[in-house]
Amino acid sequence: MRQMDLRATPLILLTLLAATVAPAAEEGGLPIVEGDFDTAILVDARSGMPLAGKNPDERHQPASMLKMMTELIILERVAEGDIAMDDTVTVSARASRMGGSQVYLAHRERFTVEELLAALAIHSANDAAVALAEHTAGSVEAFVDLMNFRARELGMTGSEFHTVHGLPAGRGQQPDMTTARDMAILGRALLEHPRALEWSATATAPFRDGKFTLYNPNKLVGTYRGLDGLKTGYHGQAGYCVTATAVQKGVRLISVVMGCETDRARATETTRLLSYGFNLYHQLTVVEAAGQALTETAPVTGGRAKTVPLAY
């Protein structure tokens, strides 16, 4: 199980400004925000602390936001040396038949892992997701097993994945399900890989030697200050969804909205949620650095010294 190493980091908390008014209602101690969505959450990316939300544990279909898990697993395999960015991926017949958002991969066409990851992360290409899954795990089904195992490792208790792309379930299939809280957890894990942010902040990029252009469906990139990711999603059953992240004044927040009725509502509600966090919370440094001595000491009974220093 992969865990973040916090031993060398300062202890920093986001604290609600005393002079401001938080939403009157709370759900499990979490301030409730209202908007044109079914479920939402706002978290501090550094600590994972929830700042606001609505029905954050209500299960919904994630649509293409699910591709964050596909991307995460492949980036982790690259980091571990199991596969390489310059590996050659040969497109299967199955990958070439994928519908929806795609880069029109042809059977037996060849690309590198890096090229297909860019198509997946920027263009939300379903065919690239299948090709990468087959290359990494041998089959789509085996890769889906990896996705569900990783979700359990991360503590994504409300998630159940059946595809590598998030398309609606066909006849006899089960839909992908997740929660806003789980998508925020997944977003935090993906942020540990700098290339993910590089791709999600890219508006357009060339593909297939410039014969095709990748377009980022996240219209907030380049329009909302500090926003550089992460992943949009949409189909009829899921509504408009997005896991977004932005940095302002050294603070990074992650917001998730699911079940919006329109693309415009998805963008509007995301900016409202992020602006709420950036304006109603401030960063409070509790301890500057690991090992720093605190002003307090602890008394010792029956020892050589009467007191001992304390340190974080």
Side-chain angles (χ1 to χ4, degrees), residues 13-66 68 155-159 166 175-188 217-221 223-249 251-283:
L13 301 177
L14 280 183
T15 305
L16 188 65
L17 290 172
T20 61
V21 179
E26 291 193 355
E27 180 180 8
L30 185 66
I32 295 177
V33 288
E34 297 292 344
D36 182 11
F37 44 71
D38 293 329
T39 173
I41 196 168
L42 176 71
V43 303
D44 171 37
R46 188 179 185 282
S47 66
M49 182 177 70
L51 306 178
K54 179 183 178 182
N55 305 323
D57 298 308
E58 186 175 287
R59 300 182 83 210
H60 281 263
Q61 296 188 50
S64 284
M65 290 197 304
L66 171 146
M68 290 193 298
M156 297 169 59
T157 57
S159 296
D176 302 302
M177 299 298 292
T178 191
T179 67
R181 191 187 303 274
D182 282 2
M183 287 292 99
I185 292 172
L186 178 55
R188 287 189 71 217
N218 190 349
K219 295 181 175 63
L220 291 171
V221 173
T223 61
Y224 183 84
R225 182 164 59 92
L227 191 140
D228 50 6
L230 274 164
K231 190 73 192 72
T232 60
Y234 169 77
H235 61 64
Q237 299 169 31
Y240 290 88
C241 314
V242 63
T243 299
T245 185
V247 177
Q248 291 184 15
K249 298 179 181 179
V251 175
R252 178 175 289 280
L253 301 181
I254 297 174
S255 71
V256 181
V257 294
M258 304 178 71
C260 297
E261 292 188 359
T262 65
D263 188 9
R264 179 186 291 272
R266 172 172 63 184
T268 298
E269 298 301 344
T270 296
T271 59
R272 290 180 63 219
L273 202 54
L274 289 170
S275 295
Y276 165 82
F278 286 128
N279 288 284
L280 291 172
Y281 285 82
H282 75 280
Q283 187 168 279

Exercise for the section: Would you indicate whether the side-chain heavy atoms of Met156 and Arg181 approach each other to under 4.5 Å? Expected result: no
Exercise for the section: First locate atom CE of Met258, then atom CE of Met65, and finally report the distance between them rounded to the nearest 0.5 Å. Expected result: 4.0 Å
Handout entry: Asp182 (side chain) donor-acceptor with Gly158 (main chain) under 3.5 angstrom
Key = yes
Handout entry: Heavy-atom closest contact (Ala246 atom, Phe278 atom, distance)
Key = O-CZ, 3.4 Å
Completion exercise
Correct closest heavy-atom pair for Arg188 and Ala45 would be NE-O, 2.8 Å
Handout entry: Shortest non-hydrogen separation from Leu66 to Gly166 and the atoms involved
Key = CD2-N, 3.7 Å
Problem - Distance-minimising heavy-atom pair for Val257 and Cys260 - result: CG2-SG, 3.9 Å
Exercise for the section: Keeping the roles fixed (side chain from Arg252, backbone from Val247), state whether a donor-acceptor pair exists under 3.5 Å. Expected result: no
Fill in the blank from the handout: Rounding to 0.5 Å, atoms OG (Ser159) and CE (Met183) come to a distance of 5.0 Å
Listing, residues 30-43 side-chain donor-acceptor contacts under 3.5 Å, not counting sequence neighbours, or none:
from  : atom 1 : to    : atom 2 : distance (Å)
Glu34 : OE1    : Lys54 : NZ     : 2.9
Thr39 : OG1    : Lys54 : O      : 3.3
Thr39 : OG1    : Asn55 : O      : 2.5

Problem - Heavy-atom side-chain contact between Asn218 and Leu227 under 4.5 Å - result: yes
Problem - Rounded distance [0.5 Å steps], CG in Leu230 versus CG in Asp228 - result: 7.5 Å
Practice task
Check whether more than 12 heavy atoms from other residues, nucleotides or ligands sit under 6.0 Å from atom CZ of Arg272, and answer yes or no.
Solution key: no
Handout entry: Spacing of CG belonging to Asp57 relative to OG1 belonging to Thr178, to within rounding of 0.5 Å
Key = 10.0 Å
Handout entry: Rounded distance [0.5 Å steps], OG1 in Thr232 versus NZ in Lys219
Key = 8.5 Å
Identify each donor-acceptor pair in which a side-chain atom of residues 237-244 lies under 3.5 Å from a protein atom, sequence neighbours left out, and give them as a table.
from   : atom 1 : to    : atom 2 : distance (Å)
Gln237 : OE1    : Gln61 : NE2    : 3.0

Problem - Sidechain-backbone polar pair: Thr179 side chain, Glu58 backbone, donor-acceptor under 3.5 Å - result: no
Exercise for the section: Provide the closest heavy-atom pair for Leu253 versus Asp44 in the form atom of the first, atom of the second, distance. Expected result: CD2-CA, 4.0 Å
Problem - Distance, nearest 0.5 Å, that separates CZ of Arg59 from OG1 of Thr157 - result: 9.5 Å
Exercise for the section: Heavy atoms only: give me the nearest Val256-Ala184 pair and the separation to one decimal. Expected result: CG2-N, 3.8 Å
